[in-house]
Amino acid sequence: MNLFNDIRALVIRSLEDMAAEGTLPAGLDLSAVAVEPPRDAAHGDMATNAAMVLAKPAGMQPRAIAEALAARLLADSRVTLAEVAGPGFLNLRLAPGVWQGLVGAVLTAGAGYGRSTLGAGQKVNVEFVSANPTGPMHVGHVRGAVFGDALAALLGFAGYDVTREYYINDGGAQVDVLARSAYERYREAHGLEPEIREGLYPGDYLIPVGEALKAKYGASLLDKPETDWLVPVREFATTAMMAMIREDLATLGVRMDVYSSEKALYGTGRIEAAIDRLRGMGLIYEGVLEPPKGKVPDDWEPREQTLFRSTAHGDDVDRPVKKSDGAWTYFAPDIAYHWDKVERGFDQLIDVLGADHGGYVKRMKAVVTALSNGRVPLDVKLIQLVKLFKNGEPFKMSKRAGTFVTLRDVVEQAGAEVTRFVMLTRKNDAALDFDFDKVLEQSKDNPVFYVQYAHARVCSVLRKAREAGIACDDATLAAADLARLDHPAELELIRRLAEWPRLIEIAARGHEPHRVAFYLYDLASDLHGHWNRGNEETSLRFVQEGEVETSQAKIALARAVAVVISAGLGILGVTPAEEMR
RNA sequence: GACCCCGUAGCUCAGGGGAUAGAGCGGCCGCCUCCUAAGCGGCAGGUCGAUGGUUCGAAUCCAUCCGGGGUCGCCA
């Protein structure tokens, strides 16, 4: 149920009819024809740009097209007014019954209102978080986790078949560092002084891992060379870290469908196979890179490496897949991993990465383009920094000192739901200020509270109505005499509800879950405004003393608002509040 | 030096090529005998960083500059 799509379909059909009867030339491209809410509500309910878009290709005056189109649209019972305005807009007014009927449709569809078939069941893989398994998740990971999870939910709502996936970076040098760090804690568990050298992970979170190693291995790993204990300790520690990370994610309300391991790609021949495939395309060669201009690293010296010709697909320089010592770079298993995703049949890949990985985007896109023969698009969403504040003062964190702010710190202080909502009140590529005090403030300055309050107000109305003996289940409300919703303020609120399915499609197409948060804020604002109008105009209050049928119609509207807020919060991973106390 | 992101009201930010560019905060003025005033309404505040270009139409797309941030072979 998307009224804008319905009316657009009507416009398109009318244009095709006009072409068939010769009013318009045949074979026009109608893809740019749009039906949108006008900027100014005084212009009408909906506006189409058809006449302006088609004027040139049709070789006609915009006005002539608009007028002919208007005449046709008026033949439809839903359209009550169609007038040409401005440079050639066709402004439409719809019959009140169309809007009133929407309230019933929302209540009938319930949580499904706004669901779209846009995705047409296409398989989309959203890879997000992918934090190194070397410690607990910190605040920097939180935003990516929330963003990825909400994006996945949004795409699911828009009709895509979504897989949430975590790529475990358990194959590189950092997990060896983890193993050495854990080994020191193991020694500590045996009463020895741990040597947390420069470069090791100093965090306390490894102390229980050391204890657990002692419980499992006793003293058998003490005084052994690293070559003896590195592999088992690494295995043990990464498993422990991943268990911790899964718990962290659960704390935030994030659940992955698939965990993929980098390490599992080694020794299977899949990295080699992926590189060979690229080699077969002429995209792998041995060569020496130019030193970067401007800022040359101190220890730069030209070396021959195995390179991927990413410049063939839009990158700026070719990228090494092997280090000078012959080992794979991080890039190589990632190539194999993305190939694996392509092979698993995904129609679209999305990687959610920290903004500091921006330099990685072009080569990754080049890989996916090459390995899928251009079939699979990869969209990389870069997540900007979160700056923490407390009482307006910057909140410092330092990973090196082991005193970084963890995901759990954030969730314990702010709560998972508040954290999720606030993290989505900015576009992914804009930095975000997160103030522990502000996000918990119970006032309209706090968008989480503001939206929750709107939902709670509707719940309050329903409680009052039930106390007054008015039946308020959704089925009854949907069948109410909705024609009684004839006040301009009521119709305005309904128009906002009508935008919800459209908003979903726009947000899904752009991979922009923040739009949902902004929409909910606007909807909540409309509800609060309407509520207060009831102070002066008592006929606008939802519960009308002694008038059951009118009350039911008005309550149906309130309930429809709550249904949409609830659905929107659901996408963001937030539970709607029944009351604010 | 190259690449990526950002630049919109005093501040924080929205704005899928459309009409007179919006919201919140801050400032000023109002609204509770009344379903939650934890709220609402109004006023003031803009050369959309700059200059060109594409277009019937540009904050939006392209180019070039300016300013801020990030990244830049053998880390992941």
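Proteins come first, then strands; the chains are lettered A, B, ... in the order of their sequence lines, and each starts at number 1.
Comparing B:A14, B:C40, B:U36 against the side chain of A:Asn532 picks out B:C40 as the nearest. Set against B:C40, B:A19, B:C25, the side chain of A:Tyr450 has B:C40 as its closest nucleotide. Among the nucleotides B:A14, B:A38, B:U36, the one closest to any side-chain atom of A:Phe518 is B:A14.
Shown are A:Glu578, A:Lys464, A:Arg559; of these, the side chain to side chain contact (heavy atoms under 4.5 Å, CB included) with A:Cys459 is made only by A:Glu578.
Residue A:Ala47 is in base contact, counting any heavy-atom pair closer than 4.0 Å across all strands shown. Contact annotation for A:Gly510: no contact, since no heavy-atom pair falls under 4.0 Å across all strands. The residue A:Pro447 sits apart from the nucleic acid: no heavy atom pair falls under 4.0 Å. Across all strands shown, A:Asn91 has heavy atoms under 4.0 Å from base atoms, whether or not it also approaches the sugar-phosphate.
Comparing B:C66 with B:U20, their P atoms sit 34 Å apart, to the nearest whole Å. Comparing B:G18 with B:U71, their C1' atoms are spaced 37 Å from each other, to the whole Å. A distance of about 28 Å separates the C1' atoms of B:G70 and B:A9, rounded to the whole Å. The gap from the P atom of B:C40 to that of B:G57 amounts to 41 Å, rounded to the nearest Å. Rounded to whole Å, the separation between the P atoms of B:G45 and B:G1 comes to 42 Å. The C1' atoms of B:A14 and B:C48 are separated by 13 Å, rounded to the nearest whole Å. Here, B:G16 and B:A21 have their C1' atoms 16 Å apart, quoted to the whole Å. As rounded to the nearest Å, B:A38 and B:C29 have C1' atoms that lie 23 Å from one another.
Remark: A:His528 is not in phosphate contact with B:C35, judged by side-chain N or O atoms under 4.0 Å from OP1 or OP2. Listed pair A:Lys362 / B:C4 meets the phosphate criterion, a side-chain N or O lying under 4.0 Å from OP1 or OP2. At B:C35, none of the side-chain N or O atoms of A:Ser460 fall inside 4.0 Å of OP1 or OP2 (strictly under the cut-off). Regarding contacts with the backbone of B:G24, every side-chain N or O of A:Arg426 stays at 4.0 angstrom or more from both OP1 and OP2.
For the pair A:Asp351 and A:Lys341, the salt-bridge criterion is met [side-chain N within less than 4.0 Å of a carboxylate O]. Between A:Glu512 and A:Arg515, at least one side-chain nitrogen of the basic residue sits less than 4.0 Å from a carboxylate oxygen of the acidic one, meeting the salt-bridge criterion. Salt-bridge formation is detected for the pair A:Lys554/A:Glu490: a Lys NZ or Arg NE/NH1/NH2 atom is positioned less than 4.0 Å from an Asp or Glu carboxylate oxygen.
Note: CD (A:Glu441) to C1' (B:G24) measures 12 Å, nearest angstrom. Following rounding to the nearest Å, A:Phe89 (CZ) and B:G17 (C1') show an atom-to-atom distance of 10 Å. Straight-line distance from the CG atom of A:Asp379 to the C1' atom of B:C4: 14 Å, rounded to whole Å. Rounding to whole angstrom units, CG of residue A:Asp316 and P of B:C3 are separated by 6 Å. Atom C1' of nucleotide B:G41 and atom CD of A:Glu537 are separated by 13 Å, given to the nearest angstrom. Atoms NZ (A:Lys438) and P (B:G24) sit 16 Å apart, rounded to a whole Å. If you measure from atom CZ of A:Phe542 to atom C1' of B:U36, you get 13 Å, rounded to the nearest angstrom. As rounded to whole Å, 10 Å separates atom P of B:A23 from atom CG of A:Asp522.
Base pairing annotation: B:G67 forms a Watson-Crick or G-U wobble pair with B:C6, both donor-acceptor distances under 3.5 Å. Of all nucleotides present, only B:G39 satisfies the Watson-Crick or G-U wobble test against B:C31, with each distance under 3.5 Å. With a cut-off of 3.5 Å on both pairing distances, B:A44 has no Watson-Crick or G-U wobble partner at all. Of the nucleotides present, B:U12 is the one that pairs with B:A23 by Watson-Crick or G-U wobble criteria, both distances under 3.5 Å. Searching all strands for a Watson-Crick or G-U wobble partner of B:G52 with both distances below 3.5 Å returns B:C62. Base-pair partner of B:G57: not found among the strands shown (Watson-Crick or G-U wobble, both distances under 3.5 Å).
One can find a donor-acceptor pair under 3.5 Å joining the base of B:G16 and the side-chain atoms of A:Arg502.
Classified by its glycosidic torsion, B:C72 falls in the anti category, the angle being over 90° from 0.
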* To do: Run the numbers on A:Arg63 and A:Glu67 for salt bridge (Lys or Arg N to Asp or Glu O under 4.0 Å), then give the verdict.
  => CA-CA 6 Å; A:Arg63 202 164 191 93; A:Glu67 279 166 5; 3.4 Å; yes
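Under a 3.5 Å cut-off, the side chain of A:Thr550 and the backbone N or O of A:Glu547 do not form any donor-acceptor pair. Using modelled atom types, one side-chain atom of A:Gln552 and one backbone atom of A:Ala471 make a donor-acceptor pair closer than 3.5 Å. Here the side chain of A:Asp325 pairs a donor or acceptor atom with the backbone of A:Ala327 at under 3.5 angstrom.
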* Base, backbone or nothing for each nucleotide of nucleotides 65-76 of chain B, written B, S, -, heavy atoms under 4.0 angstrom, 5' to 3'? -> -----SSBBBSB
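Of the two residues contacting RNA chain B, namely A:Asp429 and A:Gly86, the nearest-nucleotide position lying further toward the 5' end is that of A:Asp429. In terms of position along RNA chain B, the nucleotide closest to A:Asp40 lies nearer the 5' end than the nucleotide closest to the other residue of the pair A:Gln442 and A:Asp40.
Distance check, rounded to the nearest 0.5 Å: CZ of A:Arg303 to OG of A:Ser324 gives 4.5 Å.
Residues A:His528 and A:Tyr450 place their aromatic rings such that the two centres sit under 6.0 Å apart. A distance below 6.0 Å separates the ring centres of A:Tyr167 and A:Tyr337.
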Protein N or O to nucleotides 54-63 of chain B N or O, pairs below 3.5 Å:
from  : atom 1 : to      : atom 2 : distance (Å)
B:C56 : OP1    : A:Lys56 : NZ     : 2.4

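The aromatic rings of A:His138 and A:His141 sit tilted, their planes meeting at an angle between 30° and 60°. Aromatic ring pairs are classed by plane angle as parallel below 30°, tilted from 30° to 60° and perpendicular above 60°; the pair A:Tyr360 and A:Tyr330 is tilted.
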